[in-house]
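What you see is a predicted model; the values in this text were computed from it and never measured.
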Amino acid sequence: MSQKGVTPRGEDYSRWYNDLVQLADLADYAPVRGCMVIKPYGYELWENIKNALDIRFKQTGHKNAYFPLFIPMSFLQKEAEHVEGFAPELAVVTHGGGKELEEPLVVRPTSETVIGHSFSQWIQSHRDLPLLINQWANVVRWELRTRLFLRTTEFLWQEGHTAHATAEEAEAETMQMLDIYADFARNEAAIPVIKGRKSNQEKFAGAEASYTIEGMMGNVWALQAGTSHYLGQNFAKAFDIKYRDENNEQEYCYTTSWGLSTRMIGAIIMAHGDDTGLRLPPRLAPIQVVIVPIFKNEEQKGPVLEAAHRIAETLLTVNIRVHVDARDEKPGFKFNDWEMRGVPLRMEIGPRDVESGTVVLARRDRPGKEGKSTAKQDEIRAAVTRTLTEVQSGLLEQATTFRDAHLHEANSLEELKESIDTEGWALLPYDGSAEAEAKIKEETKASSRCFPLEGGDVEEGTKCAITGRPAVGKAYFARAY
RNA sequence: CGGGGCGUGGCGCAGCUUGGUAGCGCGCACCGUUCGGGUCGGUGAGGUCGUGGGUUCAAAUCCCGCCGCCCCGACCA
């Protein structure tokens with residue numbers, strides 16, 4: 001690209017986002033509308049997300065499996081609300097091997113139905129429960145309007161599917177996975193998400209209840225970064241997922257599903273990115289430390305590069321993801337380049353450092369001089385480890401401060417409007433109705449994000465600020481992706 | 001699907017109004033210079049102008065159709 005940097009956020013947030021995705025080398029547009037090519041740097045980021053989640057799933061007893069991409073059309077139709085919800089965005093295969101298929105195949109938009117089919121065969125007895133399965137897969141939803149990572153026609157995700165003997169157990173699983181997502185977002189991605197329950201309008205098609213983690217992006221819009229659904233017996237009944245209890249009675253299972261997608265990359269970009277580029281949380285960054293050697297002639301080059309590689313080796317011994325940038329470019333160019341790519345920590349090493357046994361560290365979470373410090377080469381492991389931890393918490397802290405400054409309470413449509421206008425999320429007593437939500441959307445373009453699990457309770461007798469009917473709780477309203 | 005914009009070397013664009021041998025910047029290759037915040041100079045490679053048709057002696061340029069992409073709205077992880 002000919003331009004040197006991204007479009008400033010204040011000028012055009014959408015363009016800033018698009019510029020950044022491409023300039024930071026995360027993804028490209030694909031030949032097919034709405035699809036994307038995830039480039040190596042973006043994919044490494046996804047792999048790190050994947051690993052951090054997978055460990056958590058395994059720790060809580062889940063097993064990975066894989067279910068097919070194609071689903072018989074009739075499966076989708078077995079759950080009325082489910083098919084109604086997904087019908088508009090299905091990709092359907094009608095031909096195979098040169099012949100028209102007897103029954104069209106749907107390219108999975110999500111896998112409750114095929115997995116439900118398998119579950120019905122796998123589960124016979126209460127001894128088979130709970131069944132805790134996860135799959136890493138691609139899914140396709142024919143979206144009208146797409147944006148790299150945030151909403152693409154095909155995307156990568158994980159979808160967990162579990163079956164339980166009781167509603168309580170399934171509900172507990174739903175909440176456990178929501179907690180895992182929130183923990184991941186906070187401690188790995190450095191995004192302080194709000195956990196909450198979706199309104200009926202925003203609920204997953206076919207679920208009894210949907211829960212979400214909502215993150216605040218740099219333009220204050222909300223982004224649903226992960227969801228966990230309590231499906232009750234809806235899919236169990238549609239797919240005959242039954243077990244024999246201790247008394248040999250046949251009972252339907254209670255199921256859950258939960259997912260987190262490559263959209264998370266969009267969340268990370270928008271929660272942390274600035275006008276110089278990406279800012280990646282060290283725990284997920286493909287490259288945690290980049291070493292930029294500095295020299296002005298051949299005599300200096302040798303010792304400097306030698307020191308750079310020696311330090312890199314040292315850092316590798318403590319599993320720090322380090323890269324020596326030995327390209328034939330000016331240091332200034334490299335600084336800007338790695339800042340664009342969001343590398344959390346830059347290490348500069350030049351002739352003066354070689355002389356004095358030091359290096360210069362520059363933190364990505366603090367701009368310019370403020371983020372620079374000097375460290376001793378023989379204490380480099382400790383210095384780098386400590387600084388990476390500081391950058392990780394620095395990003396979380398900045399995101400939290402930003403979020404808290406934009407959370408408002410509102411008790412009327414007027415106050416809500418004001419909150420949204422002044423760029424914020426509004427917490428409003430709400431009856432959960434479609435009617436109130438439609439009214440709010442019309443007036444403010446904001447939608448209900450969730451009834452937060454913390455701070456969403458209302459006293460008996462509290463009325464919905466829009467309809468005047470009894471409120472079921474306080475819900476956050478915000479402009480959202 | 002409605003509104004707007006755009007398709008010209010790898011990328012960003014000019015040229016189109018008024019048809020006449022395809023241009024600029026970045027990037028790329030090579031040489032020198034520079035190197036602690038996006039060096040400077042030189043040389044060079046690279047384009048069926050999205051696509052199909054039409055008008056014309058002649059089309060990137062005018063006319064008609066089609067395709068695609070981006071942005072803004074209604075639906076969605």
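Relative to the side chain of A/Phe335, the nucleotides B/G37, B/C35, B/C28 differ in distance, and B/G37 lies closest. When each of B/G37, B/G36, B/C71 is scored by its nearest atom to the side-chain atoms of A/Arg346, the top-ranked nucleotide is B/G37. Nearest to the side-chain atoms of A/Phe333 among the listed nucleotides B/C71, B/G38, B/C35 stands B/G38.
Using a 4.0 Å cut-off, some side-chain N or O of A/Asn18 falls inside it from OP1 or OP2 of B/C71.
Judged by Watson-Crick or G-U wobble contacts below 3.5 Å, the nucleotide B/A29 has B/U43 as its partner. Nucleotide B/C1 forms a Watson-Crick or G-U wobble pair with B/G73, both donor-acceptor distances falling under 3.5 Å.
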Tabulate atom names and distances for all N/O pairs under 3.5 angstrom spanning the protein and nucleotides 2-6 of chain B.
none

Would you tabulate the nitrogen or oxygen pairs shorter than 3.5 Å linking the protein to nucleotides 30-33 of chain B?
none

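Among the atoms of the strands shown, base atoms are found under 4.0 Å from some heavy atom of A/Glu348.
Computed from coordinates, the A/Leu90 CG to B/C75 P distance equals 18 Å when rounded to whole Å. Here the P atom of nucleotide B/C69 and the OH atom of A/Tyr29 are 11 Å apart, to the nearest Å.
Along RNA chain B, the nucleotide nearest A/Arg352 and the nucleotide nearest A/Glu202 are compared for position; the residue whose nucleotide lies closer to the 5' end is A/Arg352.
If you check distances only, the side chain of A/Asp337 never reaches the base of B/G38 with a donor-acceptor pair under 3.5 Å. Between the base of B/G36 and the side chain of A/Gln300 there is no donor-acceptor pair shorter than 3.5 Å.
Pairing each heavy atom of A/Asn187 with each of A/Arg283, the nearest pair is O-CD, 3.2 Å.
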